[in-house]
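Read the structure below first, then the notes.
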Amino acid sequence: MAVFLKGASLLLVPSRRALAALPAVRLCSSGDQYKYIVVEKRGEKNNVGFIQLNRPKALNALCDGLMVEVGCALDAFEADGDVGAIVITGSDRAFAAGADIKEMQNRTFQECYSGNFLSHWNRVSTVKKPVIAAVNGFALGGGCELAMMCDIIYAGEKAQFGQPEILLGTIPGAGGTQRLTRAVGKSLAMEMVLTGDRIDAQQAKQSGLASKVYPVDQLVSEAVKCGEKIAANSKLISAMAKEAVNGAFELSLAEGNRLEKRLFHSTFATEDRKEGMTAFVEKRKASFKDQ
Ligand code: CAA
């Protein structure tokens with residue numbers, strides 16, 4: 001067993017045989033050893049973290065190992081001072097066709113409940129840096145939920161979103177009933193969750209689930225461009241803006257407004273707020289230092 005130091009944390013890298021015997025949940029691949037995803041930095045300044053789900057034969061079904069790797073890649077991008085935004089995408093055919101049904105098929109209630117099944121997926125929604133989902137093809141079940149854990153959804157023209165768990169005798173388990181309802185409203189969310197019917201990219205945009213629709217072959221580059229735009233701003237202030245918007249989903253209006261006000265006041269403790277306003281007054285482009 002090899003031992004590596006990654007940042008401040010100790011990583012134990014077991015042998016291949018030991019690895020196969022362990023539940024994927026506990027393990028993190030490092031760098032180029034990812035099995036289920038491709039991880040790169042993109043954009044002219046290499047400041048957009050890029051994660052591509054890469055299980056094409058299973059339409060990117062989100063097995064435990066894949067989601068553990070996504071969590072590790074997000075940890076790495078979160079710690080990377082050059083990265084100002086992250087894009088998660090799949091293939092032209094599928095963003096992700098849901099949690100891995102073959103992996104779930106024989107799970108028991110006891111295992112799910114005691115192991116808090118799927119709880120590690122939450123890492124996607126706790127990242128401080130802005131995350132953009134670039135969705136081509138199927139975003140079904142956990143795939144739709146993964147997209148909704150991201151901050152912005154861009155859809156390719158042929159994207160299809162759905163929560164078909166009801167057809168499998170279960171219900172969405174990674175936030176679908178909550179995030180979809182907040183995104184598209186009760187009637188459409190109920191219809192999708194109760195019938196398993198899908199909506200297309202245009203309907204996703206009309207209902208507020210996606211913010212933009214692009215031709216399939218332009219989707220990823222447009223998502224990276226959006227990431228570059230975000231990464232050009234102060235990372236510190238972007239994190240505060242993200243925290244404030246997310247407050248709208250969890251707090252009352254009064255509490256949310258109080259959070260926003262406190263975060264707004266906090267920006268006045270930063271050098272970037274001073275630089276941003278000074279640059280405006282001096283009619284020049286701001287140069288943020290993330291401080
Ligand atoms: N889990 C495991 N394998 C999956 C999968 C999934 N969610 N979705 C697709 N696959 C596999 C198929 O089994 C098939 O593998 P084999 O070639 O080994 O048989 C391969 O991907 C290609 O799939 P299809 O042959 O079915 O392709 P298709 O074009 O005919 O249909 C599809 C595409 C409509 C997406 C169909 O695959 C499908 O309905 N998939 C399941 C969608 C689903 O129900 N998702 C919800 C999962 S439950 C969940 O996500 C719970 C949660 O809330 C977290």
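Position 1 is the first residue of the sequence; numbering continues from there. Whatever order the structure lists ligands and atoms in, that order sets their numbers, starting from 1. No hydrogens, no waters, no symmetry mates; every other heavy atom, side chains included, goes into these values.
- Those atoms of ligand 1 with a heavy atom of Glu165 less than 4.0 angstrom away are 48 (S), 49 (C), 50 (O), 51 (C), 52 (C), 53 (O).
- A salt bridge is defined here as a Lys NZ or Arg NE, NH1 or NH2 lying under 4.0 Å from an Asp or Glu carboxylate O, and Glu222 with Lys225 meets this definition.
- At the shortest separation from atom 54 (C) of ligand 1 among protein heavy atoms lies Glu145 OE1, 3.3 Å.
- Heavy atoms of Glu103 come nearer than 4.0 angstrom to ligand 1 in no pair at all.
- Geometrically, ligand 1 and Ala97 share a nitrogen or oxygen pair separated by less than 3.5 Å.
- Geometrically, Arg42 engages Phe50 in a cation-pi contact defined by less than 6.0 Å to the ring centre and at most 45° from the axis.
- When only non-hydrogen protein atoms are considered, atom 5 (C) of ligand 1 lies nearest to Ala61 CB, 4.0 Å.
- Residues Tyr154 and Tyr214 place their aromatic rings such that the two centres sit under 6.0 Å apart.
- Aromatic ring centroids of Phe264 and Phe268 lie under 6.0 Å apart.
- Counting protein heavy atoms under 4.0 angstrom from atom 16 (P) of ligand 1 gives one or more.
- For atom 38 (C) of ligand 1, the closest non-hydrogen atom of the protein is Leu140 CD1, 4.8 Å.
- With hydrogens and angles ignored, the 3.5 Å screen pairs no side-chain donor or acceptor of Asn136 with any backbone N or O of Ser91.
- Close approach of ligand 1 to Gly141 is summarised as follows: ligand atoms under 4.0 Å from at least one heavy atom of the residue are 46 (C), 50 (O).
- The distance from the CG atom of Leu209 to the SG atom of Cys144 is 5.5 Å, given to the nearest 0.5 Å.
- Nearest protein heavy-atom neighbour of atom 23 (O) of ligand 1: Leu59 CD1, 3.6 Å.
- Atom CD of Glu44 is surrounded by 12 or fewer heavy atoms from other residues, nucleotides or ligands within 6.0 Å.
- The CD atom of Glu255 sits 11.0 Å away from the CD atom of Glu250 when rounded to the nearest 0.5 Å.
- For CG of Leu167, the number of neighbouring non-hydrogen atoms (other residues, nucleotides, ligands) closer than 6.0 Å is greater than 12.
- An N or O contact shorter than 3.5 Å links Gly142 to ligand 1 by distance.
- Note that CG of Leu140 is 12.5 Å distant from CG of Leu146, once rounded to the nearest 0.5 Å.
- Within the structure, ligand 1 lacks Gln105 among the residues with a heavy atom less than 4.0 angstrom away.
- For Arg198, no nitrogen or oxygen atom sits less than 3.5 Å from a nitrogen or oxygen atom of ligand 1, counting backbone and side chain alike.
- Shown in contact with Leu168 at under 4.0 Å from a heavy atom are these atoms of ligand 1, numbered in order with element: 44 (O), 47 (C), 48 (S).
- For Glu282 (side chain) and Ala279 (main-chain N/O), no donor-acceptor pair under 3.5 Å exists by modelled atom type.
- Between Gln163 and ligand 1, no N or O atom pair is found at a separation short of 3.5 Å.
- The shortest N or O to N or O distance between Ala99 and ligand 1 is below 3.5 Å.
- Summarising the contacts of atom 4 (C) of ligand 1 with Gly162, Gly137, Gly176, Ala58, the nearest heavy atom is found in Ala58.
- No continuous path of ILVMFWY side-chain contacts below 4.5 Å connects Ile51 to Val48, so the two sit in separate hydrophobic clusters.
- Looking at ligand 1, you won't find any N or O of Trp121 less than 3.5 Å from one of its N or O atoms.
- With a heavy-atom cut-off of 4.0 Å, Leu118 touches ligand 1 through its side chain alone.
- Applying the 4.0 Å criterion to heavy atoms of Met104 picks out, from ligand 1, the atoms 48 (S).
- Note: Lys205 NZ to Ile199 CD1 = 13.0 Å, rounded to the nearest 0.5 Å.
- Shown here, atom 48 (S) of ligand 1 is in close reach of the protein: a heavy atom of it lies under 4.0 Å off.
- Proximity to Phe138 (heavy-atom distance under 4.0 Å) selects the following atoms of ligand 1: 33 (C), 35 (C).
- For the ligand labelled ligand 1, residue Lys57 lies inside the 4.0 Å heavy-atom shell.
- For Asp200 and Lys158, the salt-bridge test fails: no basic side-chain N is under 4.0 Å from an acidic carboxylate O.
- Inside a 4.0 Å radius of atom 43 (C) of ligand 1 there is at least one protein heavy atom.
- The shell of residues lying under 4.0 angstrom from ligand 1, judged by heavy atoms, includes Pro172.
- Here's the thing with Gly173: one of its N/O atoms is less than 3.5 angstrom from an N/O atom of ligand 1.
- Nearest protein heavy-atom neighbour of atom 29 (O) of ligand 1: Arg93 NH2, 2.7 Å.
- Arg107 forms a cation-pi arrangement with Phe117, by the criterion of a distance under 6.0 Å to the ring centre and an angle within 45° of the ring axis.
- Val127 and Ile37 end up in the same hydrophobic cluster when Ile, Leu, Val, Met, Phe, Trp and Tyr side chains are linked at under 4.5 Å.
- Ranking protein heavy atoms by distance to atom 13 (O) of ligand 1, first place goes to Lys102 NZ, 3.1 Å.
- Looking at Leu167, Thr177, Asn60, Ile101 and measuring to atom 2 (C) of ligand 1, the nearest heavy atom belongs to Ile101.
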